[in-house]
Amino acid sequence: MAMSQMLKGLLEGCLLAIIDKGETYGYEMSEKLQTYGFTMVSEGSIYPVLLRMKKDGWVETVQKSLPSGGPKRKYYILTEAGQQELLAFKQRWAEVSSGVDRVLGEENEDGTFKKES
């Protein structure tokens, strides 16, 4: 499975978690993802996800002027529905990651799986 396919489902939840920490704008979210190790996620790839999350009612946007002037910046804020979706994502992630950890925990050091006795 390609990394991009794995990330597709995770990106939504990660963006919700970033926005939950405080209102933020697209480029800032991209930078935060990079610092968390999501180096393969481009800035342009998050905007379709943000648009879908807005259509689903999980985020709202507000335009704010920069102190230095220039164009306004669109900030994203989590809604109540977005907070509920983030909670559901965390629960789903705990279940999936727990299962994967159990499977991977049954590997030998060389990457082969332990045989049942």
Side-chain angles (χ1 to χ4, degrees):
M1 176 185 297
M3 180 69 84
S4 62
Q5 289 177 314
M6 287 177 59
L7 280 175
K8 202 173 197 180
L10 299 175
L11 190 55
E12 215 170 62
C14 290
L15 289 173
L16 287 170
I18 289 171
I19 298 167
D20 189 47
K21 294 177 175 141
E23 66 181 38
T24 184
Y25 55 95
Y27 181 72
E28 185 177 35
M29 283 183 255
S30 177
E31 287 183 324
K32 286 180 181 182
L33 285 170
Q34 296 286 319
T35 62
Y36 288 124
F38 289 88
T39 56
M40 69 299 293
V41 176
S42 67
E43 179 186 357
S45 66
I46 69 172
Y47 290 106
V49 177
L50 292 169
L51 181 60
R52 189 172 58 252
M53 292 187 336
K54 185 173 180 181
K55 284 182 182 178
D56 290 340
W58 299 347
V59 296
E60 294 176 346
T61 58
V62 61
Q63 298 277 341
K64 291 189 175 183
S65 298
L66 299 175
S68 60
K72 291 184 176 184
R73 193 174 273 164
K74 186 186 293 186
Y75 285 82
Y76 293 84
I77 303 163
L78 216 56
T79 63
E80 181 65 34
Q83 291 172 343
Q84 292 301 314
E85 181 56 30
L86 176 57
L87 179 61
F89 172 81
K90 287 178 178 181
Q91 291 169 340
R92 289 189 305 267
W93 176 249
E95 292 172 16
V96 169
S97 63
S98 173
V100 170
D101 287 344
R102 285 193 302 273
V103 169
L104 295 179
E106 294 185 7
E107 285 185 358
N108 294 312
E109 287 184 26
D110 65 359
T112 61
F113 286 97
K114 298 175 183 174
K115 297 184 182 191
E116 294 185 28
S117 327

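Residue numbers run from 1 in the order of the sequence given.
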Looking at side-chain heavy atoms only, is the closest gap between [X] and [Y] below 4.5 Å?
{"X": "L50", "Y": "L15", "answer": "yes"}
{"X": "M53", "Y": "I19", "answer": "yes"}
{"X": "W58", "Y": "L86", "answer": "no"}
{"X": "R52", "Y": "E12", "answer": "yes"}
{"X": "C14", "Y": "F38", "answer": "yes"}
{"X": "L78", "Y": "V59", "answer": "yes"}

Nearest atoms (heavy-atom pairs only) where [X] meets [Y]:
{"X": "G44", "Y": "P48", "value": "O-CD, 3.3 Å"}
{"X": "G57", "Y": "A81", "value": "O-CB, 3.6 Å"}
{"X": "T35", "Y": "K32", "value": "OG1-O, 2.7 Å"}
{"X": "S30", "Y": "S42", "value": "OG-C, 4.3 Å"}
{"X": "E23", "Y": "E28", "value": "O-OE1, 4.4 Å"}
{"X": "M40", "Y": "G37", "value": "CE-O, 4.1 Å"}

[Y] reachable from [X] in the ILVMFWY side-chain graph, under 4.5 Å edges:
{"X": "V96", "Y": "F89", "result": "no"}
{"X": "L51", "Y": "Y47", "result": "no"}
{"X": "Y27", "Y": "I77", "result": "yes"}

For E60, is the CD atom crowded, meaning more than 12 foreign heavy atoms sit under 6.0 Å from it?
no
Y25, OH: over 12 other non-hydrogen atoms inside 6.0 angstrom:
yes
Step by step, would you call L11 with L33 a side-chain contact (heavy atoms from CB on, under 4.5 Å)?
CA-CA 9 Å; L11 190 55; L33 285 170; 3.7 Å; yes
Would you tell me whether Q91 and E95 have side-chain atoms, one donor and one acceptor, within less than 3.5 Å of each other?
no
Going through the distances and angles, do L87 and Q83 end up as a side-chain contact (heavy atoms from CB on, under 4.5 Å)?
CA-CA 6 Å; L87 179 61; Q83 291 172 343; over 6 Å; no
Approximate separation, where rounding is to 0.5 Å, of L16 CG and Q84 CD
11.5 Å
What distance do R92 atom CZ and S97 atom OG have between them, rounded to the nearest 0.5 Å?
12.5 Å
Polar side-chain atom of T61 near backbone of Y76 as donor-acceptor pair, under 3.5 Å
no
